[in-house]
Structure formats: structure tokens, C-alpha cells
Undergrad: 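Let me give you the structure first, and then I'll get to my questions.
Each chain gets a letter, A, B and so on, in the order the sequences are listed, and its residues count up from 1.
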2 protein chains.
Amino acid sequence: MARAWSLKSRPAGLPGPEHFELVDIADAPLADGEVRVRNSWLSVDPYMRGRMNDVKSYVPPFNLNEPLGGGAVGVVEESRAEGFAPGDRVLHMLGWRDVATGPAKEFTKLPAGGAPDQLFLGLLGMPGMTAYFGLLSVAEAKAGETVFVSAAAGAVGSAVVQIAKLKGMTVVGSAGGADKCALVRDLGADAAIDYKAEGSLISKLNAAAPQGIDVYFDNVGGDHLDAALALARDNARFAMCGMIESYNSLEPLSLRYAMRIVGARLRLQGFIVMDFFHRMAEFHAEMGGWAAAGKLKSPETVRDGLEATPDAFRALFSGGNTGKMLVRL
Amino acid sequence: MARAWSLKSRPAGLPGPEHFELVDIADAPLADGEVRVRNSWLSVDPYMRGRMNDVKSYVPPFNLNEPLGGGAVGVVEESRAEGFAPGDRVLHMLGWRDVATGPAKEFTKLPAGGAPDQLFLGLLGMPGMTAYFGLLSVAEAKAGETVFVSAAAGAVGSAVVQIAKLKGMTVVGSAGGADKCALVRDLGADAAIDYKAEGSLISKLNAAAPQGIDVYFDNVGGDHLDAALALARDNARFAMCGMIESYNSLEPLSLRYAMRIVGARLRLQGFIVMDFFHRMAEFHAEMGGWAAAGKLKSPETVRDGLEATPDAFRALFSGGNTGKMLVRL
């Protein structure tokens with residue numbers, strides 16, 4: 001018997017335990033071409049919140065009363081598909097479950113090379129790719145420029161900090177609390193801003209980047225976006241990756257410095273990492289190289305057991321994770 | 001004796017008569033290399049509002065108790081500069097005054113060719129260039145696409161509507177009131193939205209562009225920007241030209257659909273027409289060609305007399321103009 005989390009009802013605001021249900025799935029013999037995988041790590045990611053709404057977006061909404069999709073890595077237990085054998089380590093998007101069964105095309109074998117499996121859900125997976133292409137392609141950040149990144153202790157933000165430093169940029173990261181700020185500095189940031197500390201975000205950012213910022217990598221929206229607008233230099237570029245403050249909010253976004261978009265000729269560019277999947281080889285070459293050379297740190301917050309998954313997901317929205325949030329099975 | 005409007009104090013919010021003063025300027029004999037011009041038309045433009053604040057921007061703030069700069073056309077009365085002779089028609093930026101005196105480099109001779117002089121303050125001047133480069137270069141609007149433009153009966157907006165139609169686009173324009181909407185349709189727009197009429201802007205835009213919009217040319221900000229965010233198609237581009245609703249407002253901009261920047265991969269690009277001055281020849285060739293061929297309409301609202309200038313300026317912020325707002329001397 002396999003077990004999986006399904007969406008029981010659609011949340012308005014922050015999802016609670018009542019929106020999820022752990023359901024049993026009867027084992028069935030494998031059909032021809034299918035693979036059965038025992039998951040070892042599950043990913044919880046902020047973008048999943050959007051799929052819980054019944055709104056057309058870049059990924060279709062989750063269906064009610066069906067297992068939730070999402071990134072996971074595991075080990076092949078049984079295979080009736082060519083190219084897969086028991087013991088193979090694989091990545092897939094079949095989500096929050098202990099055992100995943102499906103046609104071979106749903107699974108990607110992890111490369112050999114010594115990187116821990118869960119890195120393919122973080123630094124070497126979707127969050128890492130989001131950071132890499134968002135910073136370098138969407139925002140076109142260049143050596144010598146000053147980059148501001150919000151949620152800099154998160155899965156994407158911590159990758160942005162490190163990539164920016166490896167590329168010769170000055171980096172200011174924001175995070176909530178002294179511990180997270182210490183991590184951000186440890187990742188190489190030139191300055192870390194504690195948004196929970198006394199004082200306005202604008203004055204803190206101004207102190208950290210007195211010449212202003214050339215690039216803003218936005219994971220947060222809200223006041224962070226407004227502070228970045230206030231302190232953007234002429235022709236600054238904003239990679240708009242997510243607005244975690246708005247995911248569960250019914251309030252409109254309020255911006256006091258929106259007029260600077262015009263006066264400072266700012267560019268705000270939204271993006272979705274899927275748009276860069278065709279350039280995945282480029283990412284794996286450079287980022288994999290850095291990882292193999294020991295140049296990357298991979299902070300993680302780990303929760304144990306399938307039962308912990310919805311809670312781990314909820315915690316993303318209250319800063320409960322440092323680095324990549326993972327569920328270990 | 002010449003007369004000029006100067007800025008007496010800096011307005012907070014909408015400027016009133018008390019912020020301006022009409023001052024006398026003693027006649028002085030021309031120095032070598034100088035030209036004296038009797039103005040025939042003065043321009044009032046929304047961007048001037050920004051220069052009344054004591055804030056660093058892409059153009060320096062106006063100084064207090066000095067004549068206000070701004071676009072004007074006139075006729076040379078007296079010249080001690082090579083290349084200028086009495087009777088020459090010229091364009092300059094010396095602003096709200098009846099007679100302008102200065103070194104020859106401040107003046108540009110208008111081309112021969114039959115276009116009325118005041119067109120060089122509108123369709124063939126800065127507003128026209130703003131429309132042309134904003135639509136075609138900043139937003140990269142292409143034939144077959146759907147363009148939404150706010151303040152479509154204004155100086156810039158009315159040019160956007162016409163350029164978009166000449167380039168084979170579908171155009172929706174918004175304006176306040178039935179008369180302005182009739183004008184917008186008369187300029188060629190496929191649909192006109194009366195933002196003052198009953199109903200939400202989003203539902204009106206949705207009715208006018210049921211497939212969504214590819215380009216938004218923003219002159220307004222506020223609810224118009226939010227409606228454009230709500231109805232933007234994937235990869236839509238926004239040319240952020242001005243936010244007239246915010247120029248006199250102390251309220252933050254409130255957006256309910258900002259999250260769509262991420263999900264629909266929108267690009268919001270601020271711009272300043274000055275950045276395109278090096279491409280002026282391109283503009284004059286194409287726009288001048290259309291004008292000479294009778295393909296462009298140039299709606300105008302004219303106020304008479306130097307005394308009327310501050311009122312004409314104020315009226316820009318309450319929809320008091322249809323087409324280009326001008327002061328005729």
C-alpha cells in the first residue's frame with residue numbers, strides 16, 4: 001500500500017491541515033513500460049501554493065482529491081521499462097507520496113558524481129536553475145554590479161547569493177533574523193539585511209548599498225519590492241521570480257515608489273524557470289562544475305516523514321526554512 | 001519688457017495658482033551669438049509636474065523663482081547668430097514666456113513643409129516621439145498584436161493609437177467621457193473604453209479585448225495598470241511612460257494583479273523619450289512621412305494668452321485636454 005497527500009479543498013489564504021488528506025493507494029502490478037520508485041526526498045516549494053487555487057496559470061491547478069504533484073527523488077524498486085533497473089536513483093514530479101509508480105518518461109536518472117541526491121531538488125534542481133537563469137539571463141546581472149536579493153536564506157535566494165559572488169558581483173541579501181543573516185554572509189554576501197530588525201527596509205538597503213542597486217532578484221514582493229524600486233539605479237533590472245508575501249494574501253500590493261519605474265527606466269521582468277528548460281545543459285555544466293569543485297554550499301531544512309509534508313510546506317510562508325526545505329522519507 | 005512664469009513655491013499635490021508667478025524680465029540688447037524669439041505656442045506637459053518637486057530625477061528640478069523651462073515654438077525677431085534670421089520659425093525649451101532670448105544653440109529651426117508650427121510640440125515633437133519609440137522600441141509592438149493604451153485621447157495616447165493602426169495592430173484606447181471615446185474611435189481605435197462610465201475597468205477591457213492584450217502603453221498608472229496586468233497575455237510588454245494619476249498623489253499605488261508579472265512573464269519597462277533622441281531622424285522620416293501624406297490627425301486643446309498657462313497645465317491632471325494641450329500667444 002502506497003500513501004500520498006491529496007488536496008481536499010482549496011485554501012483561501014494560508015493552507016491549513018484541513019486542506020490536505022493522506023490517502024492510501026492500492027498497489028497494482030506494473031504495466032509494461034512502467035517503473036516503481038521508493039521516494040527518499042520530497043520537495044516543498046512556494047510555487048505549489050499557486051496551483052492550489054482554481055486559476056489558470058503557467059501550470060494547471062491541482063485537482064481536488066487527487067495526489068499533489070511536486071519534485072521528489074527516490075530509488076527504483078521495480079522496473080518494467082527499458083533503461084531503468086532496481087537501485088537507479090531518479091528525479092520525478094509525482095509529488096508528495098512514499099512510492100511513485102508511472103511510465104518511464106516521468107522519471108529522470110540522476111547523474112553519477114557524488115552530489116547528494118537531494119541536491120537535485122535544490123541547488124542542482126529547479127531552485128538552482130531559477131536562481132541561475134533569473135540572475136544571469138532575466139536580470140542580465142554582470143560582474144561589478146550590485147545585486148539585491150530577497151529571501152536570501154531561502155532555496156532560490158541562497159543560490160542567487162553564491163552565483164552572484166562567483167560571477168564577481170556585489171551582493172546584498174535580506175533575510176529574517178540574525179541566524180539567517182549570518183548564513184547569508186557565510187554564503188558570501190557583502191551585506192545581509194535583517195528585515196525583521198528595527199528600522200525601515202529602505203534605510204537598511206540604503207546603508208548596505210549606498211550607491212543603489214543594479215539588479216533586484218525578487219522572491220518576496222511587498223515592502224522588499226518597494227525598497228528596491230526606491231533604491232534602483234538608472235536602468236536597473238528586476239528579475240520577478242515570486243512574491244511569497246502575496247501568495248496567501250488577499251490584500252493588494254502597495255507600492256510607494258512605482259513612479260521610479262518610469263524615471264529611472266527600470267525593467268521588471270517576470271519569468272518561469274520552465275522557460276529555460278531548453279538551456280538545462282548550460283546550467284548543469286556551470287553549476288555542476290562549481291558543486292564538484294566544492295564552491296557551493298547547500299543549506300537545508302529537513303523534516304522527517306511523509307506525515308510532515310503539509311507542515312513543511314506551510315512553514316515556507318512563515319520563514320520556517322533556512323535554505324532548501326525538504327522532507328526526508 | 002518680456003514676461004515669464006516662474007515657480008514661486010513647490011506644490012504638494014495638484015499645483016494651484018499660488019505656486020506660480022508671472023514676472024517681468026527687462027529687455028537687454030542681444031549679445032553676440034544670441035537670438036530673440038517671439039513665442040507663438042507654448043507646450044504644457046505632464047512631465048513638468050515632476051520637475052516641480054525638489055527630487056533628483058532624469059531632468060533636474062525647476063529652480064524656485066526662476067522662469068519655468070518647457071517646449072515652445074516661435075518666430076525669430078532679432079538675431080546676432082549665424083544661421084538665424086528674423087522670420088525663422090524655431091523650437092526651443094525655454095518655456096512659459098512670451099519672448100525667449102538665448103544663445104543660438106538653444107534654438108532649432110523648424111523644417112519647411114507645411115506642417116503647422118504647433119505640431120512640433122505634439123505629433124511631430126516630444127509627445128509623438130514618446131508614442132513612437134515607446135510603442136515600437138520599448139514595447140516592441142508588432143503587427144497583429146493587441147495594444148491597450150490609456151489616456152488615448154491625450155497628446156501621447158492619440159499618437160499611440162494612430163501609429164499602432166498604421167502598423168497593423170488592434171488597438172483599444174481608454175479615455176474619460178463619451179466625447180473623448182468618440183475621438184479615440186475616430187483616430188482609428190478598434191474599441192474605446194470610457195473609464196468614467198459605470199462598471200469596472202477590468203470588465204470593460206475584457207469585453208474590448210476578450211483574447212487579452214499583448215502590449216500596454218501606460219500613461220496613467222493606478223487602476224489602468226492593474227487592469228492591464230489582469231488581462232495581459234503571456235509575455236506581454238508594458239511601456240511605462242508615465243503615471244499621471246500618481247503625479248499629484250501622496251497615496252501609494254495599489255495593485256491587485258501584480259502577481260501576474262511572474263506567472264505571465266510580463267515585462268514592465270520604464271522609459272524616457274530623451275533616451276531616443278539619437279534616433280530622431282528615424283522618427284522624423286516615418287512620422288513626418290505619414291503627416292505629409294495626410295495620414296495623421298492632430299487633436300488639440302488650445303488656451304489663449306500667456307496668463308492661461310498655469311491653468312492649462314493644471315487641466316492636464318483633470319482630463320481637461322483632448323489631444324495636445326497648447327497655449328497660443
Undergrad: To the closest 0.5 Å, what do you measure between CG (B:N53) and CE (A:M259)?
TA: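 Answer rounded to 0.5 Å: 9.0 Å.
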
Undergrad: Picking from B:R260, B:E251, B:M243, which has the most non-hydrogen pairs under 4.5 angstrom with chain A?
TA: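 That would be B:M243.
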
Undergrad: Working to the nearest 0.5 angstrom, can you tell me the gap between B:L253 CG and A:L229 CG?
TA: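 The CG atom of B:L253 sits 9.5 Å away from the CG atom of A:L229.
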
Undergrad: Rounded to the nearest 0.5 Å, what's the gap from CZ on A:F271 to CG on B:N235? Could you check?
TA: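 Between A:F271 CZ and B:N235 CG, I get 13.5 Å after rounding to 0.5 Å.
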
Undergrad: Identify the two heavy atoms, one from B:I272 and one from A:V262, that lie closest to each other, and give their separation to 0.1 Å.
TA: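 Result for this residue pair: CD1-O, 3.5 Å.
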
Undergrad: Would you check if B:R265 and A:D275 make a side-chain contact, meaning some heavy-atom pair closer than 4.5 Å?
TA: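 Yes, close enough: below the 4.5 Å cut-off.
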
